[in-house]
Amino acid sequence: MKRVITYGTFDLLHYGHINILRRAKELGDYLVVVLSTDEFNWNEKQKKCYFTYEQRKMLLEAIRYVDLVVPEENWEQKRTDVHKYDIDTFVMGDDWVGKFDFLKEEGVEVVYLPRTPEISTTQIKKDLNK
Ligand code: C2G
């Protein structure tokens, strides 16, 4: 049973998010999504989410590729999360390339996948505000 983990805000869920979740799940049998809490988003990523944590969690749990959704509360928890959830592979979009290579020291495969072009939550908000 190969276990995969990924992190994110996943606000205004869109096909770019689905693409990374689908590809992440293809790398194993079980996918853990660590979802940024509203506080973490605001304090650490200056992101004001349209949907609350509970709403974003419910949306993710409805996706066939996702097996478990748990909260992301700080930048440091990745090092312990990979042991807590017995993870084999860590996956992020390549906008994060290199940022999490330290997880290899924890015996985890680190994979950065190409982002889906032309779609982002920020772009959706901009387009809707026109
Ligand atoms: N993503 C993608 N293609 C897009 C948009 C997003 O592949 N067009 C990927 C991102 O690379 C990321 C995931 O979808 O792997 C979630 O993106 P965000 O919700 O923007 O997450 P982010 O703010 O990058 O949070 O500790 C890590 C952070 O929590 C990551």
Side-chain angles (χ1 to χ4, degrees):
M1 166 88 124
K2 229 178 141 199
R3 299 166 64 86
V4 184
I5 199 166
T6 191
Y7 291 71
T9 300
F10 296 99
D11 195 24
L12 296 184
L13 197 65
H14 56 67
Y15 62 88
H17 295 136
I18 302 302
N19 276 341
I20 190 118
L21 294 171
R22 175 179 47 72
R23 287 175 294 163
K25 184 58 176 286
E26 283 167 3
L27 296 175
D29 312 286
Y30 189 90
L31 175 61
V32 179
V33 178
V34 190
L35 181 63
S36 309
T37 61
D38 297 330
E39 298 75 15
F40 180 64
N41 271 312
W42 182 243
N43 297 332
E44 296 298 325
K45 299 197 267 186
Q46 290 71 47
K47 285 188 175 184
K48 176 100 182 70
C49 290
Y50 181 80
F51 289 130
T52 66
Y53 174 81
E54 286 307 321
Q55 290 165 336
R56 291 181 285 117
K57 181 173 188 286
M58 185 258 263
L59 284 161
L60 283 170
E61 287 172 341
I63 298 170
R64 70 178 66 188
Y65 310 121
V66 175
D67 296 288
L68 176 68
V69 181
V70 296
E72 178 182 30
E73 294 161 315
N74 59 67
W75 292 109
E76 294 70 34
Q77 68 184 81
K78 292 183 179 66
R79 212 181 264 278
T80 46
D81 284 351
V82 294
H83 299 293
K84 184 174 175 183
Y85 299 104
D86 191 20
I87 297 300
D88 300 288
T89 305
F90 169 92
V91 174
M92 286 302 290
D94 61 3
D95 46 317
W96 292 94
V97 66
K99 297 287 190 306
F100 304 116
D101 291 354
F102 64 85
L103 289 171
K104 291 176 188 171
E105 295 157 25
E106 305 298 327
V108 171
E109 181 192 14
V110 176
V111 177
Y112 301 102
L113 297 173
R115 277 175 71 93
T116 302
E118 276 122 52
I119 181 77
S120 70
T121 304
T122 310
Q123 191 61 46
I124 294 170
K125 289 177 177 175
K126 276 186 193 149
D127 290 352
L128 290 175
N129 284 331
K130 277 177 189 163

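Because its NZ or CZ atom is not both nearer than 6.0 Å to the ring centre of Phe90 and within 45° of the ring axis, Lys78 does not count as a cation-pi partner of that residue.
Side-chain contact, Tyr112 with Asp101: a donor N or O sits under 3.5 Å from an acceptor N or O.
The number of heavy atoms from other shown groups lying within 6.0 Å of OH (Tyr50) does not exceed 12. Atom NZ of Lys84 sits in a sparse spot, with 12 or fewer heavy atoms from other residues, nucleotides or ligands closer than 6.0 Å.
Note on Lys130 versus Asp127: salt bridge recorded, some NZ/NE/NH1/NH2 to OD/OE distance being below 4.0 Å. A salt bridge links Asp95 with Arg115: the distance from a Lys NZ or Arg NE/NH1/NH2 to an Asp or Glu carboxylate oxygen falls below 4.0 Å. A salt bridge links Arg56 with Asp38: at least one charged nitrogen is closer than 4.0 Å to a carboxylate oxygen. Electrostatic pairing of Glu105 and Arg79 counts as a salt bridge here, judged by a charged N lying under 4.0 Å from a carboxylate O.
Between Trp96 and Trp75, the ring-plane angle classifies as tilted under the 30° and 60° cut-offs. The aromatic rings of Phe102 and Phe100 lie perpendicular to each other, with more than 60° between the two planes, well past the 30° mark.
How far OG of Ser120 is from CG of Asp11: 11.0 Å, rounded to the nearest 0.5 Å.
The hydrophobic cluster containing Tyr7 does not contain Leu27, counting ILVMFWY residues as joined when their side-chain heavy atoms lie under 4.5 angstrom apart, directly or transitively.
Side-chain atoms of Leu60 and Leu21, non-hydrogen and from C-beta on, do get closer than 4.5 Å to each other. Two residues are said to be in side-chain contact when any heavy atoms from C-beta on lie closer than 4.5 Å; Ile63 and Leu13 meet this criterion.
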Could you go step by step and tell me if His14 and Gln123 meet the side-chain contact (heavy atoms from CB on, under 4.5 Å) rule?
CA-CA 11 Å; His14 56 67; Gln123 191 61 46; over 6 Å; no
Take Thr37 and Glu72, measure what side-chain contact (heavy atoms from CB on, under 4.5 Å) needs, and give me the verdict at the end.
CA-CA 6 Å; Thr37 61; Glu72 178 182 30; 5.9 Å; no
